[in-house]
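Everything below concerns the one structure shown next.
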Amino acid sequence: MSHVYPTLAYLQWDINRVLFEVGPIKIRYYGLFFTAGFICGYLLLRWIFRTEKRNLDDVESLLIYMVLGTIIGARLGHCLFYHPMEYLSDPIRLLQIWNGGLASHGAAVGITLSAWLYSRKHRDQPLLWLLDRLAIPVALAGFFIRIGNFFNSEILGRASDVPWAVVFRDGLGLSPEEKLIPRHPVMLYESLCYGFIFVLLLLVYRKYKERTPRGLLIGLFFITVFTARFVLEFFKLRQAAFAENLPLSVGQMLSIPLVIAGILFLLYRRPAPPLEEEIALQTPREPAAKA
């Protein structure tokens, strides 16, 4: 016998995803929160660069790398991790980002690759130094994006009768009957976790600043963010149909290697060397002149 939920006893969430329209342009809540993450990240990076007396003009260039890395990585991650056959059979759909579909694991890979490409052109900002600093604004961006997911009624939780359960009247991917079932607002759980992680990373950075041990912040980021993601996946509906009957969800399977990477970063963290010494280690040596 199926459980009958007293639907009206819970929060009814049926907000319009579109905040306002200007002609053919629709401004959505999700886009607003997504943009807020990048704006706050940009301001945080300017503060970090100013604190460590780095070139502030580089922040604009870094932001471009991060935006591209996030969007491209998140889009490819969603298509290839969660719906591989669907998108590989019609590759042009990979470009239809307006139809939705971004994955945080893909974003993590995209941001890391973008940071590597950026650091190759900025010898005063080595990759590990950069990843440690980027971990702070990325955690904050995750806080904003998950709130955007809530406004979009997506990444929904499993049915629940907890007092704070939510009925998503316009939940993406739900049948009319499923839209009447109260669920865990799991995207808000994630948002709160990422907010706490952001505060933790910021406090650690403020303690050490330019003396932050290499690998400390990115290690903490990977461990805390993807451990939270692994645990909260138990409260989510499965997003990949092909993994419906597997013991772990796709999100959990993708989180495990990133948690391991975080542990390795912490195990092999090292004191921050003087900037001049670090630049010298990265600069390719000129071949010795022949006698």
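In this text, all values refer to a predicted model and were calculated from it rather than measured experimentally.
- With 3.5 Å as the limit, one finds no donor-acceptor pair spanning the side chains of Ser153 and Arg17.
- Qualifying salt bridge (charged side-chain N to carboxylate O under 4.0 Å, His left out) partners for Arg50, counting only residues two or more places apart in sequence or in other chains: none.
- One finds the CZ atom of Arg75 at 15.0 Å from the OG1 atom of Thr70 (value rounded to the nearest 0.5 Å).
- Across all non-hydrogen atoms, the minimal contact from Leu217 to Ala135 is O-CB, 4.0 Å.
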Query raised in the report: Yes or no on side-chain contact (heavy atoms from CB on, under 4.5 Å) for Asn55 and Asp58, after CA distance, side-chain angles and deciding distance?
Result: CA-CA 6 Å; Asn55 186 0; Asp58 288 341; 3.5 Å; yes
Requested in this report: Given ring-ring contact (aromatic ring centres under 6.0 Å, His included), test Phe151 with Tyr30 step by step and report yes or no.
Outcome: CA-CA 7 Å; Phe151 276 83; Tyr30 179 83; over 10 Å; no
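- Electrostatic pairing of Glu190 and Lys236 counts as a salt bridge here, judged by a charged N lying under 4.0 Å from a carboxylate O.
- Considering only heavy atoms from C-beta on, Ile263 comes within 4.5 Å of Leu267 through its side chain.
- Using a 4.5 Å heavy-atom cutoff, the side chains of Leu220 and Leu266 are in contact.
- Under 4.0 Å is where a charged nitrogen must lie from a carboxylate oxygen, and between Glu233 and Arg238 no such pair does.
- In terms of heavy atoms, Gly69 sits closest to Ser114 at CA-OG, 3.0 Å.
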Query - side-chain contact (heavy atoms from CB on, under 4.5 Å) between Leu45 and Leu63, worked out - result: CA-CA 9 Å; Leu45 287 172; Leu63 180 66; 5.8 Å; no
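- Here the side chain of Thr112 pairs a donor or acceptor atom with the backbone of Ala108 at under 3.5 angstrom.
- Linking Ile, Leu, Val, Met, Phe, Trp and Tyr whenever their side-chain heavy atoms come within less than 4.5 Å puts Tyr42 and Leu140 in one cluster.
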Query raised in the report: After noting the C-alpha distance and the side-chain angles of Thr212 and Arg133, does the key distance pass the side-chain contact (heavy atoms from CB on, under 4.5 Å) rule?
Result: CA-CA 9 Å; Thr212 301; Arg133 275 73 187 164; 4.1 Å; yes
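- Under a 3.5 Å cut-off, the side chain of Glu21 and the backbone N or O of Lys26 do not form any donor-acceptor pair.
- When side chains are defined from C-beta on, Arg28 does not count as touching Leu19, because their heavy atoms never get closer than 4.5 Å.
- Among the candidates Ser249, Ser255, Ser104, the single residue satisfying the side-chain hydrogen bond (donor to acceptor under 3.5 Å, both in side chains) test with Arg229 is Ser104.
- Annotation: side chain of Tyr29 is in contact with side chain of Ile15 (closest heavy-atom distance under 4.5 Å).
- When ring centroids are compared, Phe150 and Trp13 come within the 6.0 Å threshold.
- Residues Leu113 and Ile218 are members of separate hydrophobic clusters, defined by side-chain heavy-atom contacts under 4.5 angstrom among Ile, Leu, Val, Met, Phe, Trp and Tyr.
- Residues that satisfy the side chain to side chain contact (heavy atoms under 4.5 Å, CB included) test with Tyr268, not counting sequence neighbours, are Leu264.
- Between the CZ atom of Phe168 and the NZ atom of Lys179 there is a distance of 13.0 Å, given to the nearest 0.5 Å.
- At least one side-chain heavy atom of Leu248 sits less than 4.5 Å from a side-chain heavy atom of Ile256.
- Of all heavy-atom pairs spanning Asp132 and Gly215, the tightest one is OD2-N, 2.8 Å.
- Hydrophobic clustering of Ile, Leu, Val, Met, Phe, Trp and Tyr side chains at less than 4.5 Å, counting indirect connections, unites Trp116 with Phe265.
- Using modelled atom types and a 3.5 Å distance limit, the side chains of Ser119 and Gln125 yield no donor-acceptor pair.
- The cluster map of Ile, Leu, Val, Met, Phe, Trp and Tyr, joined by side-chain heavy atoms under 4.5 Å apart, puts Leu192 and Tyr194 in different clusters.
- Distance CD1/Ile155 to CD1/Ile145: 9.5 Å, rounded to 0.5 Å.
- In terms of hydrophobic clustering, with Ile, Leu, Val, Met, Phe, Trp and Tyr side chains grouped at heavy-atom distances under 4.5 Å, Phe222 and Val231 are assigned to different clusters.
- Between Phe144 and Phe34, the ring centre distance reaches or exceeds 6.0 Å.
- Residues Tyr65 and Tyr118 bring their aromatic ring centres within 6.0 Å.
- Inter-residue side-chain proximity for Leu172 and Leu156 is flagged as unmet; no heavy-atom pair is nearer than 4.5 Å.
- Between the side chain of His184 and the backbone N or O of Ala159 there is no donor-acceptor pair closer than 3.5 Å.
- A 4.5 Å side-chain heavy-atom check between Phe38 and Val67 finds at least one atom pair inside the cut-off.
- The structure places CE of Met253 at 5.0 Å from CG of Leu246, a figure rounded to the nearest 0.5 Å.
- Side-chain contact, Asp14 with Gln12: no donor N or O sits under 3.5 Å from an acceptor N or O.
- Put simply, CD1 on Ile197 and CD1 on Ile136 are 13.0 Å apart, with the number rounded to the nearest 0.5 Å.
- Listed here is the closest heavy atom pair of Ser191 and Ile147: OG-CG1, 3.3 Å.
- Figure legend: Arg54 and Trp129 shown as a cation-pi pair, the cationic atom lying under 6.0 angstrom from the six-membered ring centre and within 45 degrees of its axis.
- Considering only heavy atoms from C-beta on, Leu200 comes within 4.5 Å of Val204 through its side chain.
- Separation of atoms CG (Leu254) and CD (Gln252) is listed at 10.5 Å; rounding is to 0.5 Å.
- A salt bridge links Arg46 to Glu60: one of the charged nitrogens lies within less than 4.0 Å of a carboxylate oxygen.
- Closest heavy-atom contact between Pro137 and Gly41: CB-CA, 3.5 Å.
- At least one donor-acceptor pair closer than 3.5 Å links the side chain of Asn16 to the backbone N or O of Val18.
- Note: Trp47 and Tyr205 have perpendicular aromatic rings, judged against thresholds of 30 and 60 degrees for the angle between ring planes.
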Requested in this report: Kindly indicate, with the supporting measurements, whether the criterion side-chain contact (heavy atoms from CB on, under 4.5 Å) is fulfilled by Leu134 and Leu62.
Outcome: CA-CA 10 Å; Leu134 287 173; Leu62 177 58; 4.3 Å; yes
